[in-house]
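Reading through the structure tokens given below for one structure.
Keep in mind that what you see is a predicted model, and the values were worked out from it rather than measured. Count residues from 1 along the sequence.
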Amino acid sequence: MSLRKNLRLLPALLSLLLLFSCASHPQIDPDLEAYLYPVETFLPEKIEWEEVAPGIGRLDFENPEFPLVYHAVRIELDTPGLEIVCFPSREFALSKAKSGTSTEASIPQPFIYRSRKTSAFSRQEDCLVAVNATPFGGRNGKWDFAAKIGSVRQLVGVHIDRSFMIARPVESYAALIFRASDEDASSYVAEIVDSQKADAFENCDYAFGGFFTVLRDGQVKDFSVRTHDSRSGAGISADGKVLYLLVVEGENARKSEGLSYPQCGEIFKALGCDDALEFDGGSSSQLFIKGKNVMNYSTIVVQGNSFGFKKAKR
């Protein structure tokens, strides 16, 4: 094999190393975490948003002493011309339906499909912002070796695109929901629910499942089991009109150690959130802004689903 071919394989080999090494993250006692990592180590002294597009701002934080790197995005949901898009889409799901009808009942459950990376989704939809979301497994719903190296996916939690339910709710997990605003049908209001109960999704336009809420009514939730890892999450303002995305790097521990759930809750609170939840994290965490990966590494993991925002077609 030529040197050029070897060099081409190097990024993939490094990604595999990141994926399968350092897979175990030690648990941290809450009192020890508070002592070793006071909030000053992971909260910015001043929150300043860099404009990405009208109604969208970004914030990048780095503390080499922690070490820690994370990225946040602020999205004003009532900004004219913003459109929510996601994968799998309604059209994609229906193309896999056996009956050929256009109803939710025609979607086989569990819905098993070949997924796309958040990077591919971001480029294909020309997203201003794109992020991964719902937890997932492989064909059997488990996160085994086949799931880690493959792209066949089964979501473990709700996924709704334009009122069309593609993946069923899991009551033990939380979810992010979008509904058309009563004030302006062209804009959205967001809500975060602790449990994916069926009635939570009545009259909703979009919904994406997560793991657990980390912030509720401005209060950070406690977790007795804490580990530092890569994280993806979303938070909302008290009126549901502003969405915040947070993605924490943690796959290269020498560059960034990652955060625990309560630490993410503290960040969401500092950003201005009233409620927040965690999506699928670890090697699934990805954030793209205008098609560019903002993280310091890429991942070979094919995420189960993604959602984002783009300029609406006129």
Side-chain angles (χ1 to χ4, degrees), residues 15 18-20 23 25 70-73 86-88 110-122 129-161 166-177 192-196 206-214 223 225 227-235 243-251 258-261 263-265 268 276-288 293 295 297-308:
S15 296
L18 288 173
L19 178 62
F20 295 113
H25 297 268
Y70 64 76
H71 314 275
V73 179
C86 64
F87 179 85
F111 182 54
I112 299 170
Y113 58 99
R114 191 169 297 279
S115 192
R116 300 172 186 166
K117 285 187 174 184
T118 301
S119 55
F121 161 76
S122 176
V129 178
V131 68
N132 68 292
T134 309
F136 61 91
R139 184 179 298 275
N140 58 6
K142 298 179 180 179
W143 185 238
D144 52 19
F145 181 78
K148 291 177 181 178
I149 64 172
S151 61
V152 176
R153 298 289 178 245
Q154 179 184 153
L155 290 175
V156 184
V158 70
H159 180 94
I160 296 174
D161 175 26
I166 296 170
R168 301 297 182 188
V170 175
E171 286 195 11
S172 57
Y173 288 158
L176 171 66
I177 299 171
I192 289 175
V193 295
D194 296 320
S195 173
Q196 297 178 23
Y206 299 88
F208 309 106
F211 277 122
F212 309 106
T213 51
V214 295
F223 290 81
V225 177
T227 58
H228 287 179
D229 201 351
S230 308
R231 304 292 180 192
S232 295
L243 174 72
Y244 297 83
L245 301 176
L246 173 67
V247 176
V248 181
E249 298 190 13
E251 299 308 290
L259 291 173
S260 67
Y261 279 180
Q263 288 172 324
C264 290
F268 278 120
L277 86 166
E278 290 297 313
F279 289 132
D280 193 22
S283 56
S284 299
S285 293
Q286 287 278 267
L287 176 65
F288 286 80
N293 178 17
M295 303 173 80
Y297 54 84
S298 58
T299 176
I300 64 170
V301 170
V302 179
Q303 292 80 9
N305 69 346
S306 305
F307 76 94

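- With contacts defined as side-chain heavy-atom distances shorter than 4.5 Å, the pair D161/Y206 qualifies.
- Atom-to-atom distance recorded for S285:OG and H71:NE2 is 10.5 Å, nearest 0.5 angstrom.
- At a threshold of 4.5 Å between non-hydrogen side-chain atoms, the residues L176 and L243 count as touching.
- C86 places a side-chain heavy atom less than 4.5 Å from the side chain of F208.
- Aromatic pair Y173/F212: centroids less than 6.0 angstrom apart.
- Panel note: side chain K117, backbone T299; a donor-acceptor pair is recorded below 3.5 Å.
- A distance of 6.0 Å or more separates the ring centres of F87 and F121.
- Atom CG of residue L287 and atom CG of residue L245 lie 7.0 Å apart, to the nearest 0.5 angstrom.
- Looking at R153, its side chain does come within 3.5 Å of a backbone N or O of A147 through a donor-acceptor pair.
- Smallest separation of non-hydrogen atoms from G209 and F279: O-CD2, 3.4 Å.
- For the atom pair CD of Q196 and OG1 of T134, the computed distance is 7.5 Å after rounding to the nearest 0.5 Å.
- Between G137 and V156, the closest heavy-atom pair is N-CG2, 4.1 Å.
- In this structure, Y297 contributes its side chain and G250 its backbone to a donor-acceptor pair below 3.5 Å.
- Summarising the geometry, atom CZ belonging to F136 is positioned 3.5 Å from atom OG belonging to S284; distances are rounded to the nearest 0.5 Å.
- Across I166 and P88, no two heavy atoms sit closer than the pair CD1-O, 3.4 Å.
- Side-chain contact between V131 and V129: absent, with no pair of heavy atoms (C-beta onward) separated by less than 4.5 Å.
- A donor-acceptor pair is defined here as one N or O able to donate and one able to accept, closer than 3.5 Å; no such pair exists between the side chain of N293 and the backbone of S119.
- Side-chain contact between L155 and Y113 is present, with heavy atoms from C-beta onward closer than 4.5 Å.
- Taking CZ of R231 as the start and CG of L259 as the end, the distance is 8.0 Å to the nearest 0.5 Å.
- The shortest side-chain heavy-atom distance between H159 and F307 does not fall under the 4.5 Å cut-off.
- Between the side chain of S115 and the backbone N or O of V302, no donor-acceptor pair lies under 3.5 Å.
- For the pair G235 and I192, the tightest heavy-atom approach, listed with the atom from each and the gap, is CA-CD1, 4.1 Å.
- Taking OG of S151 as the reference point, atom CZ of R116 lies at 11.0 Å (rounded to 0.5 Å).
- Shortest non-hydrogen contact noted between D229 and H25 is OD1-NE2, 3.3 Å.
- Counting all heavy atoms, side chain and backbone alike, G210 lies closest to L277 at CA-CD1, 4.0 Å.
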